[in-house]
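See below for the structure under consideration.
Since this is a predicted model, take the numbers as computed values, not measurements.
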Amino acid sequence: MENEDPFIVRVGTFFMVMGLGAFVLFVTSDIAEKVDFDYLFVAMVLLFIGWAMRRSKAPPPPAGRFESLRKMRNKNKGSEKSNPKKE
């Protein structure tokens with residue numbers, strides 16, 4: 001399976017993973033009762049940069065798994081509009 005993501009998206013993913021790692025280091029320092037907020041700030045910056053780079057990724061095409069259900073639902077809604085209920 002070939003990865004067709006652009007280079008910038010892959011770099012964004014790398015920054016997000018590094019940001020999560022820095023956040024884990026922050027939580028670990030908090031558990032050790034020697035809180036180092038530098039890890040938190042680094043994590044926030046890396047996550048923001050990674051998110052900004054990954055934003056440029058195109059959304060995946062629709063899979064069409066529930067297309068038949070959507071057609072049936074729209075068909076039922078259309079028939080209700082054309083035949084109003086009589087009381």
Hey, quick one: are Ile49 and Trp51 part of the same hydrophobic cluster, counting side-chain heavy atoms closer than 4.5 Å, chains of contacts allowed? no
Using the rule that two of Ile, Leu, Val, Met, Phe, Trp, Tyr join whenever any of their side-chain heavy atoms come within less than 4.5 Å, decide whether Val45 and Phe15 are in one cluster. yes
Give me the atom names and distance for the closest heavy-atom approach of Leu46 to Gly19. CB-CA, 3.7 Å
Grab the two heavy atoms, one from Thr13 and one from Arg54, that are nearest each other, plus how far apart they are. OG1-NH1, 2.7 Å
To the nearest 0.5 angstrom, please state how far the CZ atom of Arg73 sits from the CZ atom of Phe66. 11.5 Å
Checking side chain to side chain contact (heavy atoms under 4.5 Å, CB included) for the pair Val24/Tyr39: CA distance, chi angles, key distance, verdict? CA-CA 9 Å; Val24 168; Tyr39 291 130; over 6 Å; no
Is it possible for you to say whether Ile8 and Met18 belong to one hydrophobic cluster, with membership spreading through side-chain heavy-atom contacts below 4.5 Å? yes
dist Leu25:CG -> Leu20:CG (nearest 0.5 Å) comes out at 11.5 Å
Measure the CZ-CE distance between Phe48 and Met53 for me, rounded to the nearest 0.5 Å. 11.0 Å
Work out which heavy atom in Met16 is nearest to a heavy atom in Leu47; give both atom names and the distance. O-CD2, 3.5 Å
I want to check something: taking the side chain as every heavy atom from C-beta on, are Phe23 and Leu40 in contact at a cut-off of under 4.5 Å? yes
Find out if a path of hydrophobic residues (ILVMFWY) with successive side-chain heavy-atom gaps under 4.5 Å connects Val42 to Phe37. no
